[in-house]
2 protein chains.
Amino acid sequence: MDKQISQAVIRRLPRYYRYLGELLDDGVERISSNDLSKRMHVTASQIRQDLNNFGGFGQQGYGYNVAYLHDEIGNILGVNDTHNVIVIGAGNLGQAIAGYVKFERVGFKIIGLFDVNPELKGKMVRDLPVQMLDELPEFIKNNNVEIAALTLPKQNAKSTALKLVSLGVHAIWNFAHVDLDDIPDVVIENVHLSDSLMQLSYNITQHKK
Amino acid sequence: MDKQISQAVIRRLPRYYRYLGELLDDGVERISSNDLSKRMHVTASQIRQDLNNFGGFGQQGYGYNVAYLHDEIGNILGVNDTHNVIVIGAGNLGQAIAGYVKFERVGFKIIGLFDVNPELKGKMVRDLPVQMLDELPEFIKNNNVEIAALTLPKQNAKSTALKLVSLGVHAIWNFAHVDLDDIPDVVIENVHLSDSLMQLSYNITQHKK
DNA sequence: GCCCTATTGTTAAAATCTTGACATAGTTTT
DNA sequence: AAAACTATGTCAAGATTTTAACAATAGGGC
């Protein structure tokens, strides 16, 4: 019966979560949609509308309890549970992701790092050894791998994604410079850094006019 | 007189550019909005509508010339010119960005890499030495720096951004885990990797239901 | 414990974005 | 050179998203 939540709303949730986390760190106990809207540069109406997709988290005359709202949004996003992540591609970006994610307080845990390059075999990245791709089936069988981050050349991205899905990994965080469509039974989140850079470039060009 | 183009359209342009680049590589000379729509999984109507924001690039009965359209979108995005980029923060992510951007065919060129950590001073990353932040003013004076990529802890992000702007850098590609608002005269593109990961997490949770 | 104030949840209007439809114009075939 | 076909550019309808408005309700002060 769940009404489908629009991706526009979903895209904003992590941002709410981030601001609420900061408020929490600052010891702020309660916040009104109006105060939050000023900090975030969005309309108060949008905040209330967004939150109400998931239920009434606030109270009239009081506002929202920061800790409670933070926790609720965390639940919605599913970041209060732990997610095991493996990284495929142990280049600079792969290593950066491995380090980056671990540093977050949210519940993502890097448990494996894989590459095809035999020269990297066994190399330690933080506390993880680089493993070869052919060790993947065994590894996935023995570990509860939920998410695979793909940081490899676009030529290998699709075949690797298909392989991962066939091995039981159903979520892919894709950094390869290609869209992974047409793959059934898998949740995909694309991070196209060069797309982002091009948007910046466009806005620079506009700004100059 | 330019009608403002919506950010929704801008967000799609890099994707068009990418697909057209691939078609170009494959030696495809012409393409119809209909064929492209099937490859990209969007409606043909949207493609035509989007492109028409910038002028008529196609011909009735023929479609679009791939090379021409690719070039035109490149112009719109401003990627046919060269943009000099510096990276502030020489950690894993900074090094990854430095390498990543260089590998792209589009016109972004990393010309400097900076950090505060004295231990990194002079360390070579590819062909660039890590420089200390206090060398920044001199460097910017002597080089035409257009974009600064910020890959540093959120605590330092805003002050560094302000400093960059005062030194004449007017575009920031922000990887720090904080929004950089309230800074005038600067174009900002935020890349929040953990936001992206949380969206993935949400979609995983939904998928399971 | 009552009144006043603050602020939500919610409805409706406004704005924006997407899709469908088709006349028009250029291409290809005969 | 004409006919048949293809596919754009564009208009209008439909869908979605955002914003504004306000009645209802809880909190804080008296």
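Residue numbers start from 1 in every chain, and the chains themselves are labelled A, B, ... in the order their sequence lines are given, proteins ahead of strands.
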Measure [atom1]/[X] against [atom2]/[N] and give the value in whole Å, please.
| X | N | atom1 | atom2 | value |
| --- | --- | --- | --- | --- |
| Asp50(B) | dT10(D) | CG | C1' | 14 Å |
| Arg48(A) | dA21(D) | CZ | C1' | 10 Å |
| Gln46(B) | dG14(D) | CD | C1' | 15 Å |
| Phe54(B) | dT10(D) | CZ | P | 14 Å |
| Ile31(B) | dA7(D) | CD1 | C1' | 13 Å |
| Gln49(B) | dA7(D) | CD | C1' | 15 Å |

Using the test side chain to side chain donor-acceptor pair (under 3.5 Å), find all partners of Asp182(B) that sit at least two apart in sequence or belong to another chain. His41(A)

Those residues that, when tested against [X], pass side-chain contact (heavy atoms from CB on, under 4.5 Å) (two or more places apart):
| X | result |
| --- | --- |
| Val116(A) | Leu133(A) |
| His170(B) | Val165(B), Asp185(B) |
| Ala171(A) | Ile147(A), Leu200(B), Ile204(B) |
| Gln131(A) | Phe114(A), Glu135(A), Phe139(A) |

With a non-hydrogen cut-off below 4.0 angstrom, is Ser45(B) in contact with a base, only sugar-phosphate, or nothing? base

Toward the 5' end of DNA chain D, which comes first, Asp35(B) or Gln7(A), by nearest nucleotide? Asp35(B)

Numerically ordered, the residues 9-19 of chain A set in heavy-atom contact under 4.0 Å with DNA chain C is none

Contact list please: residues 59-69 of chain B against DNA chain C, heavy atoms, distance less than 4.0 Å, in numerical order. Gln59(B), Gln60(B), Gly61(B), Tyr62(B)

Going from [atom1] on [X] to [atom2] on [Y], what distance comes out if it is rounded to the nearest 0.5 angstrom?
| X | Y | atom1 | atom2 | value |
| --- | --- | --- | --- | --- |
| Asn190(A) | Ile172(A) | CG | CD1 | 9.5 Å |
| Leu120(A) | Asn117(A) | CG | CG | 4.5 Å |
| His70(B) | Ile31(B) | NE2 | CD1 | 13.0 Å |

Residues Ser37(B), Thr43(B); criterion side-chain contact (heavy atoms from CB on, under 4.5 Å); working and verdict: CA-CA 5 Å; Ser37(B) 82; Thr43(B) 64; 5.8 Å; no

Basic-acidic side-chain contact under 4.0 Å: Asp179(A), Arg18(B): yes

Its dot-bracket string being built from Watson-Crick and G-U pairs below 3.5 Å, with | for another strand and [ ] for crossing, DNA chain C has the pattern ||||||||||||||||||||||||||||||

Could you give the side-chain donor-acceptor pairs of residues 75-99 of chain A under 3.5 Å, partners two or more places apart or in another chain?
| residue | atom | partner | partner atom | Å |
| --- | --- | --- | --- | --- |
| Asn75(A) | OD1 | Asn80(A) | ND2 | 2.7 |
| Asn80(A) | ND2 | Asp71(A) | O | 3.2 |
| His83(A) | ND1 | Glu146(A) | OE1 | 2.7 |
| His83(A) | NE2 | Gly78(A) | O | 2.6 |
| His83(A) | NE2 | Ser201(B) | OG | 3.4 |
| Asn84(A) | ND2 | Asn144(A) | O | 3.0 |
| Gln95(A) | NE2 | Ala90(A) | O | 3.1 |

Non-neighbouring partners of Tyr64(B) that pass ring pair (Phe, Tyr, Trp, His ring centres under 6.0 Å), sequence neighbours left out: none

Residues in ring pair (Phe, Tyr, Trp, His ring centres under 6.0 Å) with Tyr62(A), at least two apart? none

Going by the side-chain contact (heavy atoms from CB on, under 4.5 Å) test, name the single residue among Gln199(A), Met198(A), Gln206(A) that passes it with Tyr202(A). Gln206(A)

Side-chain N or O of Arg30(A) versus OP1/OP2 of dG28(D): is the shortest distance under 4.0 Å? yes

Would you tell me if any nitrogen or oxygen in the side chain of Thr43(A) comes within less than 4.0 Å of OP1 or OP2 on dT18(D)? no

With a strict under 4.0 Å distance from non-hydrogen atoms of chain B, what nucleotide opens and what nucleotide closes the contacted stretch of DNA chain C, reading 5' to 3'? dC17(C) to dT28(C)

